[in-house]
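All remarks here apply to the structure that follows.
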Amino acid sequence: MKENRRMKRHVIGYILLIAALILAIQNIGVVLGIVSKLLGVLKPLTLGCAMAYILNILMKKIEKIYAPSPKNVWVRKSKRGVCIVLSLLVVVGILGLVVGLVVPELGSAFVVIAEGVPVYFEKVTKWLMTYSDQFPLIEEYIGSLEIDWQQILKNVVGYVTSGVGGILNSTISVVTVITGSIINFSIALIFAIYILYNKEKLTEQCKKLLDAYFFIWKTRIYEVVSVADNTFSNFIVGQCTEAVILGSLCAVGMWVLQFPYAPMTGAFIGVTALIPVAGAYLGAGVGAFMILTVDPMKAVLFLIFIVCLQQLEGNLIYPKVVGSSVGLPALWVLAAVTVGGGINGIFGMLLGVPIAATLYKLIKLDVTKRLQEPVLEEVVVKEEGQEGEEVVVVKEEGQEGQEEKEL
């Protein structure tokens with residue numbers, strides 16, 4: 001009786017939910033506006049959940065190393081806090097190392113370019129003048145071409161000076177955006193630490209909510225969450241491992257081939273390799289640009305080296321490290337990256353592969369279950385010498401024996 005009342009309450013709740021969905025569809029404009037504002041308000045909390053999920057993968061590994069089965073009371077009580085701090089230090093250390101390798105070299109490259117543009121232009125002009133007798137039109141054009149770099153610099157300074165008001169407004173806007181981003185990041189970090197510190201309690205509360213309000217669908221929800229968690233965890237670990245391997249191979253290969261900016265380029269390609277498929281090519285473009293400031297021929301050789309390295313990575317490293325862990329065929333990986341990038345840029349590329357892999361696994365599990373369900377086959381047999389009688393033989397796959405029914 002109690003179970004029946006509970007079932008009736010849930011049926012009524014589902015009917016109300018369907019009615020609310022129909023009403024929301026009829027007023028889709030208002031609903032989208034409310035959702036947009038709500039997402040803006042919840043942005044720090046959403047970012048905090050994402051940070052907590054990523055840090056939890058690292059924290060679980062640190063907990064196994066720090067104190068697998070602590071017997072000391074103080075160690076047992078401090079285990080979670082210490083592991084959270086160590087996880088944050090590891091992430092900050094990695095980011096600091098990458099920034100320390102990339103930013104100074106990138107700044108020096110821009111300085112070299114700014115200083116070298118007039119020199120390159122003069123070299124090109126002299127070269128054209130040397131062979132200008134073969135091209136009279138070029139000779140005439142170059143002879144009439146006079147560039148006053150001092151005047152160009154004065155014009156730039158005058159333009160900047162005249163736009164001080166606009167620059168001031170832009171500066172205020174930039175400072176406002178940066179301040180808001182810092183505040184949101186701080187809130188997200190605090191929220192992430194709270195989630196990590198109380199993750200067992202929060203997990204138990206979520207289970208109770210599912211049991212109380214979605215007990216009919218809770219098994220299916222557990223299955224979806226389990227598959228998604230496993231896929232996302234494997235993707236993050238595999239993608240980070242693959243990025244480290246690719247960045248290390250790039251740096252070592254550049255060092256052996258005596259390309260400039262080897263540590264910086266290797267670190268940058270390692271970071272951009274976190275973006276599936278297209279990430280390493282983005283890093284290669286920046287690396288080629290850096291090497292171009294030193295030696296154009298080496299920049300061309302570097303691009304050839306990157307193409308060969310990408311073939312090695314795409315055919316050997318990525319399938320072994322990431323592909324096998326995620327379980328998504330290469331065709332759907334490319335489709336997921338393309339669609340995700342079209343929807344939300346780089347962030348969409350990052351999430352496209354694990355989301356597609358989760359859907360792929362769920363559909364695969366559902367198809368497997370449906371194909372394994374028992375199939376009933378009816379065979380109608382007429383017995384000789386007896387009119388009006390039929391024997392219906394019912395066979396069930398996977399079971400021995402027959403059931404006969406006389407009509």
- Message: My understanding is that only one of Leu189, Leu196, Ile195, Ile190 makes a side-chain contact (heavy atoms from CB on, under 4.5 Å) with Ile193; could you say which?
- Response: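 The residue from Leu189, Leu196, Ile195, Ile190 that satisfies side-chain contact (heavy atoms from CB on, under 4.5 Å) with Ile193 turns out to be Leu189.
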For [X] and [Y], which heavy atoms make the closest approach, and how far apart are they?
{"X": "Ala284", "Y": "Leu303", "result": "O-CD2, 4.3 Å"}
{"X": "Tyr197", "Y": "Gly81", "result": "CE1-N, 4.1 Å"}
{"X": "Ala299", "Y": "Ala288", "result": "CB-O, 3.7 Å"}
{"X": "Ala243", "Y": "Gly270", "result": "CB-O, 3.0 Å"}
{"X": "Ser87", "Y": "Cys83", "result": "OG-O, 2.7 Å"}

- Residue list, ring-ring contact (aromatic ring centres under 6.0 Å, His included) with Trp217, at least two apart or on another chain: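 Counting only residues at least two positions away or on another chain, Trp217 forms a ring-ring contact (aromatic ring centres under 6.0 Å, His included) with Tyr14.
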- May I ask you to decide if Asn230's main-chain N or O and Asn234's side chain share a donor-acceptor pair within less than 3.5 Å?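 Pair found, side chain donor or acceptor close to backbone of Asn230.
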Should [X] and [Y] count as side-chain neighbours, where that means a heavy-atom distance under 4.5 Å?
{"X": "Asp366", "Y": "Leu362", "answer": "no"}
{"X": "Gln239", "Y": "Val353", "answer": "no"}
{"X": "Leu309", "Y": "Ile269", "answer": "no"}
{"X": "Phe259", "Y": "Leu301", "answer": "yes"}

- Item | Tyr194, OH: over 12 other non-hydrogen atoms inside 6.0 angstrom |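 At most 12 heavy atoms, drawn from other residues, nucleotides or ligands, come within 6.0 Å of this atom.
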- Please say whether more than 12 non-hydrogen atoms of neighbouring residues, nucleotides or ligands are located less than 6.0 Å from CD in Glu200.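 For Glu200, atom CD is crowded (more than 12 foreign heavy atoms under 6.0 Å).
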- Item | With sequence neighbours excluded, residues passing side chain to side chain donor-acceptor pair (under 3.5 Å) with Arg220 |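 Partners of Arg220 under the side chain to side chain donor-acceptor pair (under 3.5 Å) test: Glu223.
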Would you give me the side-chain donor-acceptor pairs under 3.5 Å for residues 37-57, sequence neighbours excluded?
| from | atom 1 | to | atom 2 | distance (Å) |
| --- | --- | --- | --- | --- |
| Thr46 | OG1 | Leu42 | O | 3.0 |
| Tyr53 | OH | Asp229 | O | 2.9 |
| Tyr53 | OH | Asp229 | OD1 | 2.9 |
| Tyr53 | OH | Ser233 | N | 3.4 |
| Tyr53 | OH | Ser233 | OG | 2.9 |
| Asn56 | OD1 | Lys199 | NZ | 2.7 |

- Ionic contact status for Lys207 with Asp211, cut-off 4.0 Å: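 Between Lys207 and Asp211 there is no salt bridge, as every charged N stays at least 4.0 Å from the carboxylate O atoms.
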Reported [atom1]-to-[atom2] distance for the pair [X] and [Y], which is rounded to 0.5 angstrom:
{"X": "Phe302", "Y": "Cys250", "atom1": "CZ", "atom2": "SG", "answer": "5.0 Å"}
{"X": "Ile18", "Y": "Leu23", "atom1": "CD1", "atom2": "CG", "answer": "14.0 Å"}
{"X": "Lys64", "Y": "Lys61", "atom1": "NZ", "atom2": "NZ", "answer": "6.0 Å"}
{"X": "Ile94", "Y": "Leu58", "atom1": "CD1", "atom2": "CG", "answer": "7.5 Å"}
{"X": "Leu88", "Y": "Leu86", "atom1": "CG", "atom2": "CG", "answer": "9.0 Å"}
{"X": "Ile183", "Y": "Ile178", "atom1": "CD1", "atom2": "CD1", "answer": "12.5 Å"}

- Message: Is there a side chain to side chain contact (heavy atoms under 4.5 Å, CB included) between Phe232 and Ile355? Walk through the geometry before answering.
- Response: CA-CA 8 Å; Phe232 273 78; Ile355 290 175; 3.8 Å; yes
